[in-house]
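Beneath this line is the structure, given in structure tokens, with notes to follow.
Just so it is clear, the model here is predicted, and its values are computed rather than measured. Note that ligands are numbered from 1 as they come in the structure, with each ligand's atoms numbered from 1 the same way.
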Amino acid sequence: MDQAETVRTPASWVVVGLDNGGTCNNATVLDATGQFLVSHLVENPSRVLDGPESAVEQLAAAFTGILELTSTPLSLVRAVGLDTPGPASAHGVISSKGATNFNQVSWHGFDIRGALEARLGLPVIYNNDANAAALYAHHRHFGTAALERSSVSAIVGTGLGGGVVENGKVIRGAAGMAGELGHVQIPLLGVLEADQFVPECNCGFAGDVESIASLTGIKKNLLPYWLKRFPDHPLAGEPVEKAAKLLRGLGEKDDPLALAVFTQQAKAIGKLFTIAANFTDPDAYFLGGGVVEAAPHFRQWFLNTVRENTQLRDEQARAATFALVPDLDMAGARGAAVAALDAVAAGTR
Ligand SMILES: [Zn+2]
């Protein structure tokens, strides 16, 4: 890659964004004028499975690496934005029960934000990964008007991550659990078929958005049902793990079973957005996740199906936008950086 084309000169001061994932960290630099100094994905191994100490060192390595890549002096860095998968508190304390990516006992209740802040000697601003992606989608879409607009994002992955942004700020909630849109229960009438069992989520709720609109929902709930309706389908012979992953490719080719599954997911997200319409009445509804990486005709069909299943009043329909979350693989790091820039600009850090 020709880095001379993709690296910009930093302005008077910068923030660094670090996105911590199950296998990789992704890093970026955002300058005081709101320009990203890196236009591509810059990754290093996250080593979260080796425990907190290794993981914090790897984040520090990502920080140093991105400053070197962008020729940014350490003295220009005012703050660091960090995002990780949840569940974690609003201030980056990993759940006391652990989490999918943080299952070692040493991670339980670990303050990853505080640990990185101590390691780097710089203020660290924390968001969970879905909130960071939502924040990036919001700022990218609205630009200079971001602080006067509101949005709701649904990010479909292993689970369903969400983010609610009001006047350019992520709504965090008293315990840091606002915007957990995957666990919002939705009306199932018109979503499920008459003979379809009510899906259950790993969180213990029945019929919440994640139980349908997530990879886990496909494996546990949707595929088992739809394979009974299409008993001769080639996926019937595949292990469920593999079948679930093949589904998007089949959807791109208009396979009827795959379209039935994705239609059901789109309907579930439409029901969620209908709740959002009556709750915060946002300017924009963003959709992210694996579907954003699908073929353009397929992701547009999915977004349209979500839109058709979101019941807005005429006034809302005229005011609202539906869009895909851009640059999804960089959205976490970029959103984390946006949060850090906002914190510095607001004088809170
Ligand atoms: Zn749930």
Residue pair Ile112 / Trp107, side-chain heavy-atom distance below 4.5 Å: yes
Close side-chain approach of Gln264 to Leu192, heavy-atom, < 4.5 Å: yes
Partners passing side-chain contact (heavy atoms from CB on, under 4.5 Å) against Asn221 (at least two apart in sequence or in another chain): Phe197, Pro199, Ser211
Atoms named by residue and atom, protein N, O or S, within reach of the Zn ion (ligand 1) (under 2.8 Å): His183 ND1, Cys201 SG, Cys203 SG, Asp208 OD2
For Leu341, all residues meeting side-chain contact (heavy atoms from CB on, under 4.5 Å), sequence neighbours excluded: Trp13, Val15, Leu30
Test side-chain contact (heavy atoms from CB on, under 4.5 Å) applied to Pro256 - qualifying residues, sequence neighbours left out: Phe230
Inter-residue atom distance Thr84.OG1 - Ile94.CD1, 0.5 Å rounding: 4.0 Å
